[in-house]
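Presented below is the structure to which this report refers.
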Amino acid sequence: MSVITAYFETRYSAFNSLQMDGFKNMIAKSTEGKSFLQAESGKLHVQLKYAELFRLRYEDYEFFLDFKDISIDSSERVATVSVIEGHDVIFEKFKEYNPLDPTVSKMRNLEHTIVLGKEQGEWKIVSDYYEDYLWGFLRATGVSTDELLLYAGSQGSGPGGPGDDPVGETDCDLVNDETTYAYYRDGAVAYAHEFANRPYNDDDYHDFTYDGGDCTNFISQAIYEGGNALMVDGGGTLGWYYNSSTDHSPSWTDVNFMFEFIKGYEVWQAGPEGCHMKNANYVEEGDVIQYDMEGTADWDAWEHGVIIVETIQLSPHIRDHLVASHTPDHLDYPYESFRIDLPAPNMKTRFIHIERLDGSPVPDVDILISQGSDDAGPNPNDCIFRPVDNEVYLGGCDNGGDIISGFRFENIEIPYNSTIESAYLTLTVDGTYTDPIQVIIRGEKMSNPLTFSLTSPPEDRVYLTSAYRTWYISDEWQFGTQRNTPDIKNIIQEIVDQSYWNSGQTISLIFSNDNPDTTIHRRVYGYEREEAQFAAHLVINFTGP
């Protein structure tokens, strides 16, 4: 463990000094060790060259090693170690941008399998297998590190791809469509910040790290969960949707299919719509950057994607970007850190601007709370339920207890066994909040649930749907603005599929705290406010049976 820790310290020190001092002395002199030294040294020299060219030198750093397994073969004098690498880094250029409070870039969950051999009583590194962006490129293409060094900093890296020219420098001039609405960029960025370095949102989504990579799945989640997009299920492989690890569209998880989906706005009736832009100056926070990791610019060679989480305006016409990604996990990372240069026409980077979201502007159902006792929950000061307060809370009480609140909607005109296409609640924010909370949404599974009262508060409602939705709320809330919950179509679907359901009945939704012992909460408008029109309302789109 001490040898491996010193090995990583030497690597990190190299990115601080841009010199490979002492690396060779740590490597075994065996045939395998010499082969590893040649390959790894070549790769590190490429990275150091890029660090010098693009001001990616480590101004400061801290690395973390999580040793998962160590096995030792005493007879062969060989050790095999599984270790997970992570780090916090301040890059040189971010120190220049903001000397007093530079951005800290984070990387997590990079797995290494390191083999060591004992030579003259000392452990030496024989090999280190890991899969970062550059090793992925080198293994896929067979391009030599000498060739990469030759073209580092060339003009070969830029937007493009066969048969697809980026649009004009500043325009994403989509055809007018009255069914579109604004992309909620702040929400997408907040989601990316929440889940870039885990804990992974595995309650709702599969982690595709070992199934081809998780980068596009992560971006899709941010656009959908945070950006307020609607899924579109085209059936089979069509559309942009996720139901399970085995039932999702390629555009949800594949770099190239996502690119085609976002550009194909004339085809789809919901989801993100946008354009392939000329360069980094014409994308912004919440937009997507994709990389060709094979260096061929073929359609299927684009293999990695990131979402922009911060844009730095260096001048009126020049922007820099920080990104988040999965496989491995990065947050607040310089987008150019994934850059690979080869001579033109091999294009390595493309920039995708999400101009808007598509969906129905006139929902099939849009129902407001109709009486004061239909939106209720405990007050966090004492955690005591009050049925007719003029606000409703989500999260935890001041004493660490759980807030369980309810929202009830009457006269829901949806025929029995309809197919729910989308559903969500719109809530009006009553305050300014930044601390994150996490809630679970379920529906009451019973015919015409009663309004809330002292004898029947939300916390006593036990006949709930098996379907649920976890809502991670980490974006900043401003007083008087409105926020939509994530899509709860699975909950509504379970309710209208019940044998008791008839059109015109009542739907009740229960929000419970999902972060035990927290005292953090957020507040939304209740019906009793003078502006009752800003109380919660339920929005549903469906197709009849």
Side-chain angles (χ1 to χ4, degrees), residues 159-177 179-185 187-189 191-192 208 213-234 237-242 248-292 297 299-309 311 321 323-326 335 347-360 422 487:
D164 180 77
D165 293 326
V167 298
E169 290 189 351
T170 60
D171 295 335
C172 186
D173 190 16
L174 305 184
V175 175
N176 185 50
D177 182 349
T179 70
T180 59
Y181 59 102
Y183 174 39
Y184 183 40
R185 297 181 181 280
V189 168
Y191 186 94
F208 290 90
D214 199 62
C215 63
T216 304
N217 175 43
F218 171 62
I219 295 169
S220 292
Q221 290 176 41
I223 295 170
Y224 171 67
E225 295 276 6
N228 204 23
L230 296 175
M231 292 186 191
V232 52
D233 188 342
T237 62
L238 302 178
W240 180 70
Y241 68 93
Y242 177 96
H248 56 83
S249 64
S251 58
W252 188 273
T253 57
D254 182 87
V255 174
N256 301 287
F257 282 97
M258 167 176 270
F259 177 66
E260 296 296 338
F261 180 88
I262 293 176
K263 294 195 308 142
Y265 64 94
E266 299 104 332
V267 178
W268 307 108
Q269 301 305 308
E273 299 182 343
C275 301
H276 181 189
M277 305 305 289
K278 183 176 181 180
N279 59 44
N281 292 329
Y282 307 112
V283 286
E284 55 187 309
E285 293 170 4
D287 285 342
V288 178
I289 303 175
Q290 295 180 336
Y291 302 87
D292 172 6
W299 182 83
D300 60 351
W302 299 86
E303 293 184 329
H304 189 52
V306 300
I307 183 168
I308 300 172
V309 293
T311 293
H321 303 289
V323 301
S325 71
H326 274 187
Y335 86 93
M347 301 299 185
K348 314 304 180 304
T349 312
R350 61 188 179 195
F351 305 92
I352 306 168
H353 172 65
I354 300 175
E355 176 74 6
R356 65 194 186 192
L357 305 176
D358 201 359
S360 173
S422 64
D487 198 335

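All heavy atoms count here, side chains included; hydrogens, waters and symmetry mates do not.
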Positive for side chain to side chain contact (heavy atoms under 4.5 Å, CB included) with D358, one of T180, V232, L230: T180
Ring centre gap for H276 and F259 strictly below 6.0 Å: yes
Quick one: does any side-chain atom of S251 pair with a main-chain N or O of G239 as donor and acceptor, under 3.5 Å? yes
Are R185 and D287 within salt-bridge range, i.e. N to O under 4.0 Å? yes
For S249 and F257: C-alpha separation, side-chain torsions, deciding distance, then whether side-chain contact (heavy atoms from CB on, under 4.5 Å) applies. CA-CA 9 Å; S249 64; F257 282 97; over 6 Å; no
Under a 4.5 Å cut-off applied to non-hydrogen side-chain atoms, are Y282 and H353 in contact? no
Heavy atoms, side chains only, cut-off 4.5 Å: are Y191 and Y224 in contact? no
Set of salt bridge (Lys or Arg N to Asp or Glu O under 4.0 Å) partners for R356, sequence neighbours left out: E273
After noting the C-alpha distance and the side-chain angles of Y265 and D177, does the key distance pass the side-chain contact (heavy atoms from CB on, under 4.5 Å) rule? CA-CA 10 Å; Y265 64 94; D177 182 349; over 6 Å; no
Backbone N/O of A280 and side chain of H321: donor-acceptor pair under 3.5 Å: yes
Smallest heavy-atom separation, H304 atom then V255 atom, equals N-CG2, 3.7 Å
For H248, what residues pass the side-chain contact (heavy atoms from CB on, under 4.5 Å) criterion, not counting sequence neighbours? F208, Y242, T253
Report yes or no: does Q290 contribute a side-chain atom to a donor-acceptor pair with the main-chain N or O of R350 at less than 3.5 Å? no
